[in-house]
Number of protein chains: 2
Amino acid sequence: MVLALDETDESRAMKVAEDVHDLVDAIKINWPLVLSTSPEMITRLSRLAPVICDFKVADIPNTDRLIVEQVRKRGASGVIVHAFTGADSLKAAVDAAEGMDVFVVTEMSHPGGQEFTAPLAERFAHMAVEAGAAGVIAPATRPERIAKVRSIVGDLLILSPGVGAQGGSASDAVSMGADHVIVGRSIYGAPSPREAAERIVADIRSVKG
Amino acid sequence: MVLALDETDESRAMKVAEDVHDLVDAIKINWPLVLSTSPEMITRLSRLAPVICDFKVADIPNTDRLIVEQVRKRGASGVIVHAFTGADSLKAAVDAAEGMDVFVVTEMSHPGGQEFTAPLAERFAHMAVEAGAAGVIAPATRPERIAKVRSIVGDLLILSPGVGAQGGSASDAVSMGADHVIVGRSIYGAPSPREAAERIVADIRSVKG
């Protein structure tokens with residue numbers, strides 16, 4: 001299970017990470033935390049668990065390359081990129097990763113994700129395979145889509161956001177083929193983040209057996 | 001003219017900004033500079049000229065909102081966002097801007113920009129108008145596209161990257177309807193950034209009359 005650490009307060013973010021780091025496979029952070037603190041947060045959190053920078057990288061090839069290089073230098077183990085900026089941008093990101101995992105967004109779980117990303121999700125999944133990405137992001141809110149993405153990406157990793165507060169079920173997502181569910185508010189917003197994380201880990205174990 | 005300050009070295013970036021700040025309408029920065037230094041760079045550069053954060057924001061509505069809020073708090077005057085994450089994400093970005101300018105990417109100037117962004121460019125331009133954005137980004141490398149985008153966006157601002165090192169001409173872009181050209185390497189990579197900036201300003205003046 002991947003913790004989406006969508007806090008913007010430095011001390012709260014560190015507190016949650018320290019509380020649950022041994023229960024999670026990775027900690028996913030996004031730009032708001034970096035902008036409200038500093039890129040040094042990537043390095044600090046990397047000492048507790050592998051960090052995936054959910055930066056939705058979506059630029060020209062040279063900029064994608066520079067972003068991925070900086071993320072790697074800061075100590076992250078993974079980075080999330082968009083494919084809609086084209087195969088050349090995606091390739092530049094994968095080439096710059098040098099062992100770091102690149103995850104490609106297929107469709108997005110919010111309503112606006114239906115407008116442009118959902119109709120292209122399968123094509124983005126194919127692009128992830130062709131570019132040599134480590135995995136893809138597919139929404140737990142639409143578990144049937146995870147199964148379709150799995151049929152395209154073979155043994156690439158599938159990470160599924162939308163579990164918990166957004167309505168997706170961890171066990172459903174895993175049983176449809178997700179390798180890791182991404183859980184945010186249900187953990188960092190809980191009275192006891194550790195107890196919440198333990199419950200979700202148990203829910204996933206009940207399916208994985 | 002907007003300076004694309006695509007340096008990742010803090011002292012070089014500040015030196016170029018200090019050299020040319022009075023010649024430019026704004027300084028555009030991107031994630032690599034923030035990741036290699038800190039978000040404080042937004043604030044420091046804002047003391048020299050209006051700063052546009054070219055962050056190609058492309059996330060769910062709540063994350064777009066948080067990114068734009070943080071950019072605003074750091075002192076930027078503008079932010080560049082994608083439209084392909086849907087009308088709800090774009091609206092969240094515009095709503096969070098509170099007077100800061102939001103610019104929407106139409107098509108992108110690199111080869112991969114032809115795959116997904118170019119066919120949707122006109123729709124993205126319409127979305128920019130509907131969302132109440134301040135302007136759009138359209139490539140100077142394809143000046144005929146600027147004229148088309150102008151016909152859609154009315155009096156919204158058009159900013160055009162791709163001038164100089166990427167082959168676009170400042171005067172062509174302006175004569176086709178761009179309000180501001182975005183110039184990077186031709187300035188910050190020049191032996192004298194100030195002389196290079198002065199030449200481009202003169203080139204633009206020759207068209208604007």
Side-chain angles (χ1 to χ4, degrees), chain A residues 4 6 8 30-40 42 53-74 80-92 105 108-118 120 123-124 127 161-162 166 185, chain B residues 4 6 8 30-40 42 53-74 80-92 105 108-118 120 123-124 127 161-162 166 185:
Chain A
D6 291 332
T8 52
N30 202 317
W31 289 122
L33 181 61
V34 171
L35 285 171
S36 65
T37 62
S38 90
E40 180 62 21
I42 301 169
C53 288
D54 184 5
F55 288 172
K56 305 277 194 317
V57 181
D59 217 306
I60 61 172
N62 193 50
T63 307
D64 273 22
R65 175 181 67 79
L66 290 169
I67 293 172
V68 170
E69 281 176 4
Q70 294 292 336
V71 164
R72 185 165 48 79
K73 281 184 193 164
R74 293 287 184 177
I80 298 176
V81 306
H82 276 297
F84 82 97
T85 43
D88 52 0
S89 291
L90 182 52
K91 185 172 187 313
V105 176
M108 296 178 78
S109 58
H110 65 297
Q114 290 299 302
E115 292 173 48
F116 303 106
T117 69
L120 292 165
R123 189 150 163 210
F124 292 159
M127 287 170 72
Q166 285 181 62
R185 230 178 313 162
Chain B
D6 291 333
T8 53
N30 203 316
W31 289 122
L33 180 61
V34 171
L35 285 171
S36 65
T37 62
S38 92
E40 180 62 21
I42 302 170
C53 288
D54 183 6
F55 287 171
K56 305 278 194 315
V57 182
D59 217 306
I60 61 172
N62 193 51
T63 307
D64 273 21
R65 175 181 67 78
L66 290 170
I67 293 171
V68 170
E69 280 177 6
Q70 293 292 336
V71 164
R72 186 165 46 80
K73 281 184 194 165
R74 293 287 184 175
I80 298 177
V81 307
H82 276 298
F84 81 98
T85 44
D88 52 1
S89 292
L90 182 53
K91 184 171 187 316
V105 177
M108 297 177 76
S109 58
H110 65 298
Q114 290 299 302
E115 291 172 48
F116 304 106
T117 69
L120 292 165
R123 191 151 162 211
F124 292 159
M127 287 170 70
Q166 286 179 62
R185 228 177 317 161

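For A:F84, the ring pair (Phe, Tyr, Trp, His ring centres under 6.0 Å) partners two or more places apart in sequence, or in a different chain, are A:H82, B:H82, B:F84. The salt bridge (charged side-chain N to carboxylate O under 4.0 Å, His left out) check on A:E69 picks up A:R65, with sequence neighbours excluded.
Each of A:L66, A:T117, A:V68, A:T85 has some count of heavy-atom pairs under 4.5 Å with chain B, and the biggest count is that of A:T85.
Atom CG of B:D88 sits about 10.5 Å away from atom CD of A:Q114, to the nearest 0.5 Å. The structure places NE2 of B:H110 at 7.5 Å from CG of A:D64, a figure rounded to the nearest 0.5 Å. Taking CD from B:E40 and OG from A:S38, the interatomic distance works out to 11.0 Å, rounded to the nearest 0.5 Å. The line from CG of A:L120 to CG of B:L120 is 7.5 Å long, rounded to the nearest 0.5 Å. Here the CZ atom belonging to A:F116 is positioned 11.0 Å from the OG atom belonging to B:S89, to the nearest 0.5 angstrom.
The part of B:T8 that comes within reach of chain A is its side chain, from C-beta onward, which places non-hydrogen atoms under 4.5 angstrom from that chain.
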(Q) Applying side chain to side chain contact (heavy atoms under 4.5 Å, CB included) to A:L35 and B:I42, what does each step give before you reach the verdict? (A) CA-CA 10 Å; A:L35 285 171; B:I42 302 170; 4.2 Å; yes
Q: Please test B:D6 against A:N62 for side chain to side chain contact (heavy atoms under 4.5 Å, CB included), starting from the C-alpha separation and ending with a verdict.
A: CA-CA 10 Å; B:D6 291 333; A:N62 193 50; over 6 Å; no
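Minimum interatomic distance between B:A87 and A:E115 (heavy atoms only, all atoms of both residues): N-OE2, 3.0 Å. Between B:V34 and A:P39, the closest heavy-atom pair is O-CG, 3.4 Å.
A 4.5 Å side-chain heavy-atom check between A:M108 and B:D59 finds at least one atom pair inside the cut-off.
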